[in-house]
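Taking it in order: structure first as structure tokens, then the write-up.
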Amino acid sequence: MRKPVYLDYAATTPVAPEVAAQMQSCLTLDGCFANPASRSHLYGWQAEEKVEEARLQVANLINADSREIVWTSGATESNNLALKGIAETYRQQHKNGGHILVSSIEHKAVLDVVAWLEGQGFSVTRLAPDSRGVVDPQTLESNVRADTFLVSVMHVNNELGSINDIAAISRITRAREIILHCDAAQSAGKIAIDVNKLGVDLLSLSAHKFYGPKGIGALYVRRAGDIKVASQIHGGGHERNMRSGTLPTHQCTGMGAAAELAQQYLNSDAQRIGQLREQLWNGIADLPNIRRNTAKESSISGILNLAFAVNETQGCDGETLLLSLRALAISSGSACNSASMSPSYVLKAIGLSDAQAQASLRISIGRYTTAEEIEFSINEIRTVVNQLQKNRVNT
Ligand SMILES: *Cc1c(COP(=O)(O)O)cnc(C)c1O
């Protein structure tokens, strides 16, 4: 059987072959396998050099200083460290109160953290986005309170691909000395990031969203200003006391190499992938009752979220659609929700009904997608949707 066409790059990407080769050189006895914190021998020094080279590569991707990069296990941990770390520092200084502002369509790795902080006595406001999935800076500004100390808004949404205007949001937070965190797991390596232009204080990254390995990420922590992130993992004082644990040289090297490649391919990848997305859309846009949930403008090139029903009597539900589209590896809503049957909170937040949200699919295109695969996918989707709608008419 032919393997399904992989169109789930927003869930994770394969490791680039160039990256895998780099990682391979950091594993075995003849390679750079040592503990980067070993200060007493050549093996350790070489491993440290590898890790620091990779730190610089990651810093370069976002125009940061390498001293502003803290290694983590991924964006989930980066988000936890940023939000809990800042909240803990705030609590030490203010004893009680404290307000956190987030968008309502953040990844669960932010929403579940702020819900936990709410349980610890902080107050939280969750802002609904507009119909494109973009947070309106003015709405955000009008929700700022005197005790707001932290704002967290994602750069790019993982279900829709919508891009937030982080620079506009930082002008609001800067003027009030509010700390701004940004989950950039979906934007890094897809669109240019300059932490200084964005004006963020903290920014989360994940290697496996840009052709690096799973299990490694980073948190950018601005050096200027008074950003104090309280450590959430204790034991050894690595990473300037913010995150303890032996650094995985092969993982760090993998993320560094992936960051450098992503920067190299940034424009050409985005342009080619954007063309493939429009090829796909043009091939299915005439299907009855189809709705494009991802706006053409203000979105990254690789994500196309689609609803296949406008009302409950027409169209078909997402689970049936997914089951029938076995030739394509895609996800319903977001991968993190696909274990549950509840409709995506992101799609509901942009105004879709339960039925529309349930009949939605996220197709995500990446570096290794070909025009032939897109043609094949168009034919598959057309055949399946037409068949399902015919069945529905007949029953
Ligand atoms: C994938 C993703 C995460 C989680 O990243 P991990 O490295 O897998 O922990 C967080 N936020 C967003 C927006 C993501 O897309």
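Whatever order the structure lists ligands and atoms in, that order sets their numbers, starting from 1. The basis for the numbers below is simple: all heavy atoms, side chains too, and nothing from hydrogens, waters or symmetry mates.
- Scanning the protein heavy atoms around atom 9 (O) of ligand 1, the nearest turns out to be Thr76 OG1, 2.6 Å.
- Near Gly74, with a cut-off below 4.0 Å to any heavy atom, the atoms of ligand 1 are 7 (O).
- Taking CD1 of Ile365 as the reference point, atom CD of Gln275 lies at 11.5 Å (rounded to 0.5 Å).
- Of all atoms in ligand 1, listed by their number and element, those nearer than 4.0 Å to a heavy atom of Met154 are 13 (C).
- The structure places OG of Ser123 at 8.0 Å from CD of Glu118, a figure rounded to the nearest 0.5 Å.
- Residue Asn158 approaches ligand 1 through these ligand atoms, each under 4.0 Å from one of its heavy atoms: 13 (C), 15 (O).
- The residue Lys214 has no part lying near ligand 1, judged by heavy-atom distances below 4.0 Å.
- Shown in contact with Ala75 at under 4.0 Å from a heavy atom are these atoms of ligand 1, numbered in order with element: 3 (C), 4 (C), 5 (O), 6 (P), 7 (O), 9 (O), 10 (C).
- Looking only at atom types and distance, the side chain of Arg277 has no donor-acceptor partner in the side chain of Thr294 under 3.5 Å away.
- To the nearest 0.5 angstrom, Leu202 atom CG is 6.0 Å from Ile227 atom CD1.
- Ligand 1 places these atoms under 4.0 Å from at least one heavy atom of His208: 6 (P), 7 (O), 8 (O).
- Near Ser206, meaning under 4.0 Å from one of its heavy atoms, ligand 1 places the atoms 5 (O), 6 (P), 7 (O).
- Atoms of ligand 1 lying under 4.0 Å from any heavy atom of Lys209, numbered from 1 in the order shown and given with element: 1 (C), 2 (C), 3 (C), 14 (C), 15 (O).
- Expressed to the nearest 0.5 Å, how far CD1 of Ile350 lies from CG of Leu160 amounts to 4.5 Å.
- Considering backbone and side-chain N/O of Glu77, none are found under 3.5 Å from N/O of ligand 1.
- Scanning all protein heavy atoms for the shortest distance to atom 11 (N) of ligand 1 gives Asp183 OD2, 2.6 Å.
- No donor-acceptor contact under 3.5 angstrom links the side chains of Thr369 and Glu373, judged on distance only.
- Closest non-hydrogen pair, Phe33 versus Leu27, comes out as CB-O, 3.4 Å.
- For Phe149 and Phe122, the gap between ring centers is short of 6.0 Å.
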